[in-house]
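Below: the structure, in structure tokens.
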Amino acid sequence: MKPLYLITMIVWILGHLCIAQNQPENIQIAPVLLQEKADSLLLDMQIHVPATAMTEKQSWIFMPVLISADSIQSLTLPRVLVNGKRKAQLFKRKEKFQNKWLMANYPNIRIDKKLHRDTTIHYVYRAPYELWMDEASLQVNLLLCGCADAETAFTIPDLARVTLPPYLPYRPSVKVNYLTPEKEVKTLRREGTAYLDFKVGSSVILPDFRRNPRELAKIEEHLDQVFHDPDFELSTLSITGYASPEGSWQSNDRLSLAYSQALRQYLTGKYPALSRMVEVGNVPEDWEGLERLIREGEMESKEKVLQIIETVSDPDTRERQLRTLDGGRPFRYMLEEMFPSLRRVVYRVEFTVKEYFLEESEAIM
């Protein structure tokens with residue numbers, strides 16, 4: 001029994017020596033940028049792994065997690081694997097034989113570290129922004145894998161908190177236009193686009209919520225110029241809500257119409273005279289706008305995406321095919337970079353200009 005006991009103790013001690021020779025203090029993660037940008041969450045940081053942080057038989061796994069301020073919701077972000085020379089060879093063998101654990105936990109970014117050299121990874125990730133991310137914090141979990149697959153876990157909490165762009169009060173720039181009177185009635189129009197924010201599960205516009213003060217001020221500037229000028233008479237206000245093409249057509253139809261009706265309810269409450277001249281419409285899924293963005297930009301599998309949009313008539317079938325195209329990478333790119341700009345409300349103000357006769361013009365002059 002003694003030889004077996006001694007062998008067990010030696011293996012236990014060696015295993016713990018393998019995992020105790022590196023400390024998490026060697027790892028540096030800075031600077032960290034975590035903010036809302038164009039309806040997306042942007043994470044930009046540098047992960048520095050010095051040569052002294054690992055041996056050729058070890059590897060580091062970095063697992064960033066975004067945690068809500070109340071610790072109820074979280075989002076696991078893509079992982080990074082940094083292999084030493086021997087670990088990299090072992091990883092390739094496991095990869096070759098389709099190791100089940102490896103395939104289920106495959107890293108999004110893999111770096112094979114060169115011996116005796118520092119390694120710095122530039123980590124950039126974007127995700128669709130959700131309201132629970134306000135004031136959320138970034139935590140990075142680290143796993144040091146050593147010889148005999150011994151593992152040591154570390155956590156770096158509160159690396160950064162999500163920051164929102166500073167609110168700047170909207171200041172309308174008023175311009176004076178001198179019109180040459182003509183003996184005819186002129187119909188003019190002004191158009192604009194508003195990106196309104198709604199609380200989850202609500203279709204009521206809150207004037208002080210997130211970006212709403214700035215977006216509502218743009219609309220009210222146009223209406224105020226028409227209402228307060230005796231030479232203008234408002235004839236029609238058209239409101240059209242747009243939704244982006246993720247989710248079912250039926251749910252997007254309800255959502256885009258709710259955008260339009262919410263803006264109509266808000267404006268008629270502020271300008272009661274509008275109640276008889278507001279026209280409301282909606283576009284459930286703005287495929288036309290998406291196709292325009294794709295043609296104007298560059299993205300992976302661009303021609304394949306356009307072919308699906310042009311040839312598949314049913315919108316829900318079209319979305320399913322895009323989600324599975326090339327592993328879903330093109331769809332994730334559109335979800336992050338293009339869909340936020342498609343979710344909007346377009347408004348158009350039409351008004352007539354008073355007709356002046358020569359005598360009236362002379363009197364005004």
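Note that the numbering runs from 1 along the sequence shown for the chain. For clarity, every value in this text was computed on a predicted model and none was experimentally measured. Heavy-atom basis, side chains included; hydrogens, waters and symmetry copies ignored.
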### Query
Do the charged groups of R329 and E300 touch, with an N to O distance under 4.0 Å?
yes

### Query
Side chains of P340 and S40: closer than 4.5 Å at any heavy-atom pair?
yes

### Task
Verify side chain to side chain contact (heavy atoms under 4.5 Å, CB included) between R161 and T163, making sure each step is shown before the conclusion.
CA-CA 6 Å; R161 289 190 176 272; T163 58; 5.7 Å; no

### Message
With a 4.5 Å cut-off on side-chain heavy-atom distances among I, L, V, M, F, W and Y, is there a chain of contacts connecting Y271 to L216?
### Response
yes

#### Entry: Hydrophobic cluster identity match, V346 and Y259, side-chain contacts under 4.5 Å
no

#### Entry: Presence of salt bridge, E246 and R343, under 4.0 angstrom
yes

#### Entry: Same cluster (ILVMFWY, side-chain, under 4.5 Å), L75 and I67
no

### Task
Verify the cluster assignment for V65 and I156: are they in a single hydrophobic cluster under the rule of side-chain heavy atoms below 4.5 Å apart?
no

### Task
Assess whether salt bridge (charged side-chain N to carboxylate O under 4.0 Å, His left out) is satisfied between E288 and R292, documenting all intermediate values.
CA-CA 6 Å; E288 182 178 345; R292 182 179 64 256; 5.3 Å; no

### Summary
Across all chains, not counting sequence neighbours, the side chain to side chain donor-acceptor pair (under 3.5 Å) partners of Q35 are none

### Message
For the CG atom of L159 and the CG atom of L43, what is their distance to the nearest 0.5 Å?
### Response
9.5 Å

### Worked verdict on L34 versus L41 for side chain to side chain contact (heavy atoms under 4.5 Å, CB included)
CA-CA 7 Å; L34 186 64; L41 174 74; 3.9 Å; yes

### Message
Contact between Y123 and P64 at the side-chain level, heavy atoms closer than 4.5 Å - yes or no?
### Response
yes

Give the table of side-chain donor-acceptor pairs shorter than 3.5 Å for residues 273-281, with sequence neighbours excluded, one pair per line with atom names and distance.
unit_1	atom_1	unit_2	atom_2	d
S275	OG	P272	O	3.0
E279	OE1	S238	OG	3.4

### Query
So do P50 and D118 actually touch side chain to side chain, heavy atoms under 4.5 Å?
yes

#### Entry: Carboxylate-amine/guanidinium contact E36 R210, below 4.0 Å
yes

### Message
Would E336 and R332 count as a salt bridge (charged side-chain N to carboxylate O under 4.0 Å, His left out) here? Give the steps.
### Response
CA-CA 6 Å; E336 297 169 7; R332 287 194 295 271; 5.9 Å; no

### Message
Any heavy-atom pair between the side chains of L196 and Y266 that's under 4.5 Å?
### Response
no

### Task
Would you please test V49 and I27 for side chain to side chain contact (heavy atoms under 4.5 Å, CB included) and show each step?
CA-CA 5 Å; V49 184; I27 304 297; 4.1 Å; yes

### Check: Y129/D134 side-chain N/O donor and acceptor closer than 3.5 Å
yes

### Query
For F339, which fellow cluster members are found when Ile, Leu, Val, Met, Phe, Trp and Tyr are connected by side-chain heavy-atom distances below 4.5 angstrom, either directly or through intermediates?
W287, L290, L293, I294, M299, V305, L306, I308, I309, V312, L322, L325, F331, Y333, M334, L335, M338, L342

### Task
Might you point out which heavy atoms bring Y195 and E215 nearest each other, and give the distance in Å?
N-OE1, 2.9 Å

### Query
Does a donor on one side chain and an acceptor on the other come within less than 3.5 Å for R320 and T317?
yes

### Query
Does Y242 belong to the same Ile/Leu/Val/Met/Phe/Trp/Tyr cluster as I219, with side-chain heavy atoms less than 4.5 Å apart forming each link?
no

